[in-house]
*Asks:* 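Can you read through this structure? Questions will come right after.
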Amino acid sequence: MPLDWGWGPWLLLGALAFFAAGWIAARFDVRQLLRESKVLPQSYFRGLNFLLNEQQDKAIEAFIEATNANPEAIELQFALGSLFRRRGEVDRSIRVHQSLSERSDINAEQRVTALIELSMDYQKSGLLDYAEKILSDIGAKGSGTVPQQAQTLKLLLDIYVQENDWKKAIDVAEQLIAGLAGDASKLRQHKAMTKEIAHYYCELAADEYAKASAKSHGQIQAQNQSEDYALAERALSAALNTDPQCVRVHLMRGEWLQAAGQHEAAIAEWQKIEVQDPTYLGLMAEKLLASYDALGRGAEGLAHLRELQRQYAALDLLNAIFTATMASAGPQAAYELVKEDLRTNPTLVGLDRLLEAQILAAPDDRKKDLTMLKALVHSHSSRLAVYLCKQCGFKAKQFYWHCPACGGWETFPPRRTAEYDSAERHLARSHVEG
């Protein structure tokens with residue numbers, strides 16, 4: 001069928017009209033932008049320049065000048081308040097945001113933004129009650145947009161965690177999770193929040209257990225009959241229901257059973273960790289040996305730990321085994337133990353233990369040299385025998401579930417930094433041999 005060219009000129013004219021309209025719109029936008037830029041004072045642009053060059057003092061001076069000249073520039077005042085807070089001038093930030101929240105010429109969304117910023121000012125200054133009241137009012141009224149409501153809940157959650165108010169923290173966190181439900185793009189965030197809620201339940205359980213222990217005045221035989229202890233146990237069960245992979249539940253429950261003299265049950269509880277995540281076994285190694293000893297089965301407990309060390313080598317496991325072997329069989333046996341372990345898991349911390357045992361078993365004429373060598377190795381190994389937060393890099397001698405620096409939950413891997421290099425070398429050697 002021959003092509004019909006009758007519409008050709010019209011199509012060409014239509015295309016030209018379309019491009020002409022776009023050109024006119026672009027010209028209009030450029031003119032509008034130029035007009036707006038002429039309205040803004042030069043101090044605004046100076047402030048931006050200072051801010052880009054990280055000269056906050058000069059940026060603040062320029063923005064103050066700009067806001068004085070243009071009090072209707074709401075966003076500029078928000079920027080100024082945030083700069084004050086970032087610099088630690090919280091009193092000035094409070095005045096800016098309070099003034100904004102009381103203005104009659106702003107819309108509802110801007111007012112909620114001002115109130116949220118004001119709550120952040122109060123939180124930074126340590127006035128948590130004031131911050132909580134503002135955020136609770138926003139939440140109760142359902143004010144603001146969906147993102148503002150989510151931000152309000154997150155800020156409230158931070159406050160409740162700071163105050164150790166775990167019941168309120170659980171309630172707010174569950175509201176946040178409800179907002180994430182059904183959104184596949186936020187699956188990771190949903191999992192992280194679920195893990196956090198399990199830890200809130202663990203913290204609540206620890207508080208209830210401490211209160212119950214104080215009431216019982218050390219009468220551990222009455223623990224099973226106490227309603228106070230039942231509250232703590234229910235909180236642990238809720239933690240496990242929330243996150244079935246929460247290792248902390250079994251660690252805590254085992255400790256409570258051990259304190260109540262129920263050593264068989266405590267051992268059984270700790271053994272569940274091997275199924276959940278064996279990298280956490282080192283955290284209960286010394287307690288496990290103590291329960292075996294209490295049952296008169298110390299040798300069995302030591303054999304159990306040595307088997308775990310062969311399967312899931314960890315410095316905390318090695319330390320527990322070394323100490324127990326030293327006490328029960330002497331320094332020579334402890335030396336042989338560490339020497340065997342070093343062949344497969346070479347670490348400076350292991351070498352430090354080896355030298356410690358060797359010094360005790362060595363003749364007097366060799367002890368001086370070995371002691372000097374051990375001091376040198378220990379100065380380096382002690383810097384490596386720390387736990388490292390994978391979120392912020394905070395280093396700690398003890399293990400934390402809640403990072404003291406960044407506030408992350410379960411961000412400390414249960415291995416010390418000295419073990420990572422050893423694991424990487426072992427993996428690289430396996431690839432070469434394969």
Side-chain angles (χ1 to χ4, degrees), residues 251 254-255 258 263 266-267 270-271 273-274 278-364 366-388 395-399 412-423 425-426:
L251 283 166
E255 290 172 6
Q258 184 183 62
H263 297 287
I267 291 169
W270 287 321
Q271 285 175 336
I273 295 171
E274 184 178 355
T279 58
Y280 284 88
L281 287 169
L283 298 181
M284 59 83 190
E286 292 182 0
K287 298 180 179 70
L288 183 73
L289 280 177
S291 280
Y292 271 114
D293 285 337
L295 294 169
R297 293 155 48 192
E300 181 186 341
L302 188 54
H304 183 190
L305 274 194
R306 293 191 68 166
E307 180 58 31
L308 291 176
Q309 174 67 1
R310 274 190 284 270
Q311 294 183 59
Y312 319 104
L315 285 179
D316 286 333
L317 281 172
L318 179 63
N319 284 335
I321 296 168
F322 175 84
T323 303
T325 303
M326 183 81 79
S328 62
Q332 187 59 40
Y335 171 80
E336 295 297 333
L337 164 78
V338 180
K339 186 172 72 171
E340 178 187 345
D341 188 79
L342 279 173
R343 289 194 182 99
T344 53
N345 307 295
T347 63
L348 274 179
V349 178
L351 180 59
D352 189 22
R353 285 299 202 184
L354 182 77
L355 291 169
E356 181 180 342
Q358 198 170 13
I359 289 170
L360 293 172
D364 292 340
R366 292 194 58 206
K367 283 187 177 180
K368 184 176 180 181
D369 291 339
L370 287 171
T371 301
M372 183 176 62
L373 180 60
K374 183 187 183 303
L376 180 63
V377 171
H378 183 75
S379 67
H380 290 283
S381 66
S382 60
R383 290 198 295 269
L384 296 172
V386 294
Y387 298 102
L388 180 71
K395 294 180 180 179
K397 290 286 186 182
Q398 69 181 77
F399 179 82
F412 279 87
R415 291 186 178 276
R416 299 177 188 268
T417 54
E419 299 174 73
Y420 299 138
D421 292 338
S422 174
R425 286 196 302 270
H426 180 71

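Index from 1, following the sequence.
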*Asks:* At their closest point, which heavy atom of Gly298 faces which heavy atom of Asp293, and how far apart are they?
*Replies:* CA-OD1, 3.1 Å
*Asks:* Over all heavy atoms of both residues, which pair between Pro414 and Asp316 is shortest? Give the atoms and the distance, please.
*Replies:* O-OD2, 4.2 Å
*Asks:* To the nearest 0.5 Å, tell me how far Glu336 CD sits from Thr325 OG1.
*Replies:* 11.5 Å
*Asks:* Looking at Ile321, is its backbone amide N or carbonyl O close enough to the side chain of Gln309 to form a donor-acceptor pair, meaning the two atoms are under 3.5 Å apart?
*Replies:* no
*Asks:* In this structure, are over 12 heavy atoms from other groups packed under 6.0 Å from Glu286 atom CD?
*Replies:* no
*Asks:* Can you measure from CD1 (Ile273) to CG (Leu308) and round to the nearest 0.5 angstrom?
*Replies:* 10.5 Å
*Asks:* Work out which heavy atom in Leu281 is nearest to a heavy atom in Tyr312; give both atom names and the distance.
*Replies:* CD1-CD1, 3.5 Å
*Asks:* Do Arg310 and Glu307 make a side-chain contact, defined as non-hydrogen atoms from C-beta onward lying under 4.5 Å apart?
*Replies:* yes
*Asks:* If you compare all heavy atoms of Phe412 against all heavy atoms of Tyr280, which two are closest, and at what distance to 0.1 Å?
*Replies:* O-OH, 4.5 Å
*Asks:* Find the distance between CG (Leu283) and CG (Leu251) and round it off to the nearest 0.5 Å.
*Replies:* 6.0 Å
*Asks:* Of the non-hydrogen atoms in Leu317 and Gly282, which two are nearest, and what is the gap between them?
*Replies:* CG-CA, 4.0 Å
*Asks:* I'd like to check Arg306 versus Glu340 (side-chain heavy atoms, cut-off strictly below 4.5 Å). Are they in contact?
*Replies:* yes
*Asks:* OH of Tyr387 to CZ of Arg415: how many Å apart, nearest 0.5 Å?
*Replies:* 10.5 Å
*Asks:* Do you know which two heavy atoms are closest between Trp270 and Ser291, and how far apart they sit?
*Replies:* CZ3-OG, 3.6 Å
*Asks:* Side-chain contact, heavy-atom cut-off 4.5 Å: Ile267 with Leu295?
*Replies:* yes
*Asks:* Atom CD in Gln271, atom NE2 in His304: separation rounded to 0.5 Å?
*Replies:* 5.0 Å
